[in-house]
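Since the structure comes first, as structure tokens, the remarks are kept for the end.
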Amino acid sequence: MSDHAHSTVGLAHHFDDLEQQKESGTLGMWAFLITEVLFFGGLFGAYAVYRSSYPDAFMRASAQLDVNLGGINTIVLIVSSLTMALAVYAAQKGSKGGIIAGLVGTWVFGAAFLVVKYFEYKHKWEHHLIPGPNFLFPDAHGVGQHGTPEQLYFALYFAMTGMHAFHMIIGLVILVWMMKKARRGDFTVHNYALVENFGLYWHFVDIVWIFLFPLLYLIGAHSGTPGAPH
Amino acid sequence: MSSTVLSPSAKASPSSPEGERKTFLNADYGWKSWLFTVDHKRIAVLYLISIMVFFLIGGTFALLMRAELLTAKGDLFEAETYNKLFTMHGVVMIFFFLVPSIPAVLGNFLVPIMVGTKDLAFPKINLLSWYIYIVGGAATLFVAITGGIDTGWTFYAPYSSTYANTNVAGTAVAVFITGFSSILTGLNFIVTIHKMRAPGMTWFRMPLFLWAQYATSLIMVLGTPVLAITIVLLGLERVFHIGIFDPALGGDPVLFQHLFWFYSHPAVYIMILPGMGVISEIIACFSKKRMFGYHFIAFSSLAIAIFGFVVWGHHMFVSGQSAYASFVFSFLTMLVAIPSAVKVFNWTATLYKGQVSLETPMLYALGFIGLFTIGGLTGVFLAVMGLDRHVHDTYFVVAHFHYVMVGGMVMAFMGGMHFWWSKMFGRKYPEWIAQFSSVVVFVGFNFTFFPQFLLGYMGMPRRYHQYNAEFEVLNVLSSAGASILGTGFLMTICYFIWSLKWGQVAERNPWGAKGLEWERAPSPPPTFNFEDGERIVVTEDAYAYTHEEPHGGSLQEARK
């Protein structure tokens, strides 16, 4: 403790010691994550309402997604959470190289996720599955129909995965900034709260996807609807 | 310890020779030192100036509406213009005045001082919140100048998402942006109150203002994100027509109402809880008594914050939601009356046998208690499903929420500004004229809004620019009252500005009040709030007024 108390490198003017600064930062991040839970909560609420109104349409629409790509992305994201956790571990041990390696790994897997997501979105664009005037969903005879309840599914799909991807992009930007700080040697055994708090954020974004994947991809996997990409 | 340190410095505080002692106001000069400041007190002043601009804009919209309603015929504005006026009045007053008023001005200034620390936990985020507010405000002004919006501040779909021909998307962006300023303020307060309290400042030694700010911050942090995502969905629907709130495409407009009120009902408590905190401070100080039922008042703030989240359906009794849902929402809404009444009873019990003096802050506080009680009790009327069906969308509702918002929050804001004005700027406002204008405000307020209860009960609907001739007399009363009310506010703004230069220099503790901001911080405080090197250690409860019984002691003392 005395060791902590004497170290004032990186201590902001209004805190008594690094301990208080770290605790404040952590609590602030948790409070922020609660706002994020409620932000996504609105979307999950809308999803629950419309899925209970149109269960069959949601299954048919879900069957249009590529479960394999979604599954690969799930694994990619979980691995990126692992590398993030390793970065925090390295920060606790004071290993500068370990922090950088962890952050770079997180960035690479995060970017890979977005690349896969790009190809998924492109596929939807080509198949008229973007909600709006050009939306067409094949009916039982394979003829495209406007304004069906499946459009609601895709509106939610794009809103939810889009918001999720937006959070990933912000995360990637912050990661670059943190790599710079890590290279400068800003993180020490006593002062690595930023790495830890960003880790919380990254895991949160990961967990959102863990909920999105089954709700969006898996509900139609066994419907056997024509057009399902198996 | 706290009181012993205080006495020498309190008298010897070199506040009289100006320009010598460094305060947060003269620590630095130039626009950069203000626009890039991270000092919570300077940010509070920035917020004060900006919310006053929006208060005047919103007030102008209100006066234009009252001018139209002076006569039964629609002779001043087109119906469409009138629709824009009440929408802009609501949007500006709610998102840009009431929500930030007490938290962002008085809260920003006082929370760090009251907990005994140098600044909020995240000073840069605090400054960021002001910039976000300014960007959102600028977007709103842009919408107002380029044609306005006519959906009502509630933005009900599908009118807002599909049919309205005004700038809904622009307003949605503005409100979305401003929401983050409120989230960041709330987050800052929560962390500061949890982690930055001075040694000895336990939870139950905190002034009740802090409890109220804490409860408010919880609502800001939990409610505002839901408004944000609702606005995002509304914007997507508006721009891309994805069908999410459009019944023609399978969407459900009532879902919009649920999502909207999930934030906007708790937001109503953002617009009253901080005021209740101010009133607690004022009542204790001007009764020179310990707060009666401190713990009850503290917990009733939290109870209001919690109940506030489960009552939103009472806005939707006529929306077609299930009757069983309405029944539950009606019951829960009535429960809110309990913590509200706990506060009112405890304030009045504090007044009982106190050394009550009637300076301006106290006049506003007493006005608050009466007006808030009327506003709150009519809220219970509206929670009754049968009566709500009768007065839904009438002036009864308008009168009810103005009694809470203006009669409650604005009175508390005015009381708080008078109470802490000398602390903020080191100058006293002129007491006599302030007392006079507080009476003007009180009279003007009641003339404006009491007739609206009667109008609503008689069946006059809200949001119309013309009405039946039988309602004219009461509307004339209301418009006349509005002009008195506006005069009262203008007088206040004038003498506040006047006092900045010519007001009497204030000593450290002009009211003889308890609390760190009065006993330990000079007026105005230096950048780090307390004298250099002074370490704040709190050794006594809040409101430790040593009350001498005015009439020779209480019965129990007499028996001894």
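Quick note on labels: first sequence line is chain A, next is B, and so on, each numbered from 1.
If you tally non-hydrogen atom pairs under 4.5 Å between each of B/Leu184, B/Val226, B/Ile125 and chain A, the highest count goes to B/Val226. Contact tally against chain B (heavy-atom pairs below 4.5 Å) for A/Ala31, A/Gly45, A/Gly28, A/Gly41: the top residue is A/Gly28. The most heavy-atom pairs under 4.5 Å with chain A, out of B/Leu227, B/Val191, B/Thr224, come from B/Val191.
In this structure, no portion of B/Tyr263 lies under 4.5 Å from any heavy atom of chain A. Only the side chain of B/Val232 comes within less than 4.5 Å of a heavy atom of chain A; its backbone N, CA, C and O stay farther away. For a residue to count as touching a neighbouring chain, one of its non-hydrogen atoms must lie under 4.5 Å from one of that chain's; by this rule B/Ile244 touches chain A with backbone and side chain alike. For A/His146, no part sits under 4.5 Å from any heavy atom of chain B, backbone or side chain. Looking at B/Leu255, only its side chain comes within 4.5 Å of chain A, counting heavy atoms on both sides. With a threshold of 4.5 angstrom between heavy atoms, B/Thr230 does not approach chain A through any atom at all. Within the 4.5 angstrom heavy-atom criterion, only side-chain atoms of A/Tyr54, from C-beta onward, approach chain B. Contact of B/Leu120 with chain A is made through the backbone alone, with heavy-atom distances under 4.5 Å. Heavy atoms closer than 4.5 Å to chain B are found in both the backbone and the side chain of A/Phe32. If you measure heavy-atom distances from B/Asn188 to chain A, you find no contacts under 4.5 Å at all. Heavy atoms closer than 4.5 Å to chain B are found in both the backbone and the side chain of A/Ala46. In this structure, chain A has a heavy atom under 4.5 Å from the side chain of B/Leu187, while its backbone stays farther away.
Within 6.0 Å of the OH atom in A/Tyr118, the count of heavy atoms belonging to other residues, nucleotides or ligands does not exceed 12. Enclosure of atom OH in B/Tyr156 by more than 12 non-hydrogen atoms of other residues, nucleotides or ligands within 6.0 angstrom is indicated. The number of heavy-atom neighbours closer than 6.0 Å to NE2 of A/His13, taken from other residues, nucleotides and ligands shown, is above 12. No more than 12 heavy-atom neighbours from other residues, nucleotides or ligands sit within 6.0 angstrom of CH2 on A/Trp125.
Salt bridge annotation for A/Lys22-A/Glu196: present, with a cationic side-chain nitrogen under 4.0 angstrom from a carboxylate oxygen. For A/Asp16 and B/Arg535, the salt-bridge test passes: some basic side-chain N is under 4.0 Å from an acidic carboxylate O.
At least one side-chain heavy atom of A/Phe58 sits less than 4.5 Å from a side-chain heavy atom of A/Leu156. Under the 4.5 Å side-chain criterion, counting only non-hydrogen atoms from C-beta, A/Tyr217 is not in contact with A/Leu69.
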Requested in this report: Mind running side chain to side chain contact (heavy atoms under 4.5 Å, CB included) on B/Asn108 and B/Phe189 for me, showing each step along the way?
Outcome: CA-CA 8 Å; B/Asn108 248 334; B/Phe189 286 178; 4.0 Å; yes

Query raised in the report: Do A/Leu175 and A/Phe198 pass the side chain to side chain contact (heavy atoms under 4.5 Å, CB included) test, and can you show the C-alpha distance, the side-chain angles, and the key distance before you say yes or no?
Result: CA-CA 8 Å; A/Leu175 270 170; A/Phe198 178 79; 3.5 Å; yes

